[in-house]
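Below is one structure; the comments refer to it alone.
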Amino acid sequence: MPELPEVETIRQTLKRFVLGKTIRDVKIYWPNIIKAPGEPEAFSRQLNGQTIHDIGRKGKYLMFELDDDILISHLRMEGKYSVHPQDEPAKKHTHVVFTFTDGEELRYNDVRKFGTMHLKPKGTELAGEPLKKLGPDPFDPSFTLEYFWSKLKKTDRVIKAVLLDQTVVAGLGNIYVDETLFKAGVHPLKQASRLTKKEAARLREKAIETLGEAVAMGGTTIRSYVNSQGEMGMFQQELFVYGQGNEPCKTCGTPIIKTKVGGRGTHICPTCQKK
DNA sequence: TTGGGTGTTGAGTA
DNA sequence: ATACTCAACACCCA
């Protein structure tokens, strides 16, 4: 489900509910979600007594900053966080519950159970899994044209695969890659190494622009995404190609084609995006 | 009823 | 190095 704009929206809405709250209990109903420390019991024990001071984000990862540790959380396809009074019945698919000293609960809900949580001591979070190989955030100053261009030059893959590669740039997923490629006028099957520097610059600009607009609109809701206040995103109204198969292109009127690239559903305007 | 598809990503294989 | 398949899991839809 969530790509950078959805995770960022979750970060912003969730902060309002949990900053300054102290954890007094953690219950884990689906232990496979907990990746570090290895023992889920240690995860719970370690969190106990710690206060949430801030929530950050790196790519599609949420980073809960605690007293001693950082909780790194990836929502994968369907993960959601919400805050409820302790006595409110839990919804189906609630797999991790953080109870605060004030009686409120932070609940992690994930229909498909794909999400992950790593709890790591502060200062060690960038070293090992899961952030070790993560590339720069598209909004980070280090995501320069020179950096992006150098990555494109030395790979033998098609551009869609490169944009989805989180070690190149962190945060784009299937929706925003298709949108970025369309806006930049680049065909997803184009070899990355054969793009001109001008095309690379355009891709970089359109990626940053599209993600920024999507953040401003609270993300994209296709089926199930809601932020931590239960609100849907609005960016689905702004999509040019994703989910628009057979619809006329908003730029030229040619029907949008849905095909497959690297096993992922891929949406293209055959007129605006030439190979 | 069944198989294919879904906003993610890691592992294993050739 | 890359591409492909599968796996994790639940649900929706034709």
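Note on naming: letters A, B, ... go to the chains in the order of the sequence lines (proteins, then strands), and numbering restarts at 1 for each one.
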Heavy atoms of other groups near A/Lys15 NZ, more than 12 under 6.0 Å: yes
With a non-hydrogen cut-off below 4.0 angstrom, is [X] in contact with a base, only sugar-phosphate, or nothing?
X: A/Lys35; result: nothing
X: A/Ile222; result: base
X: A/Lys260; result: sugar-phosphate
X: A/Lys154; result: nothing
X: A/Thr155; result: sugar-phosphate

Under 3.5 Å for both pairing distances: what stems, at least three Watson-Crick or G-U pairs long, include DNA chain C? B:2-6 with C:10-14, B:8-14 with C:2-8
Classify the ring geometry between A/Phe240 and A/Phe182 as parallel (under 30°), tilted (30 to 60°) or perpendicular (over 60°).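 Plane angle under 30°, so parallel.
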Polar side chain donor-acceptor pair, A/His267 to A/Asp178, under 3.5 angstrom: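 A/His267 vs A/Asp178: donor-acceptor pair found between side chains.
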Indicate whether any N or O donor in one side chain lies under 3.5 Å from an N or O acceptor in the other, for A/Thr266 and A/Lys160.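 A pair is found: one side chain offers a donor N or O, the other an acceptor, under 3.5 Å apart.
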Is a donor on one side and an acceptor on the other found under 3.5 Å between the side chain of A/Asp137 and the backbone of A/Asp140?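 Checking the backbone N and O of A/Asp140 against the side chain of A/Asp137, no donor-acceptor pair under 3.5 Å is found.
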Please test A/Arg76 against A/Thr116 for side-chain contact (heavy atoms from CB on, under 4.5 Å), starting from the C-alpha separation and ending with a verdict. CA-CA 8 Å; A/Arg76 294 290 182 101; A/Thr116 62; 4.0 Å; yes
Please tell me if the side chains of A/Asp69 and A/Leu47 come closer than 4.5 Å, counting only heavy atoms from C-beta onward. no
Report yes if some heavy atom in the side chain of A/Phe17 is under 4.5 Å from a heavy atom in the side chain of A/Ser82; otherwise report no.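 The answer is no; the side chains never approach within 4.5 Å.
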Between atom NZ in A/Lys160 and atom P in C/dC4, what is the gap in whole Å? 13 Å
For nucleotides 9-12 of chain B, give me every protein contact, N/O to N/O, under 3.5 Å, one pair per line with atom names.
{"unit_1": "B/dT9", "atom_1": "OP1", "unit_2": "A/His74", "atom_2": "NE2", "d": "2.9"}
{"unit_1": "B/dT9", "atom_1": "OP2", "unit_2": "A/Lys60", "atom_2": "NZ", "d": "3.0"}
{"unit_1": "B/dT9", "atom_1": "O4'", "unit_2": "A/Arg76", "atom_2": "NH1", "d": "3.4"}

Nearest to the side chain of A/His93, heavy atoms from C-beta on, is which of C/dA10, C/dT2, B/dG7? C/dA10
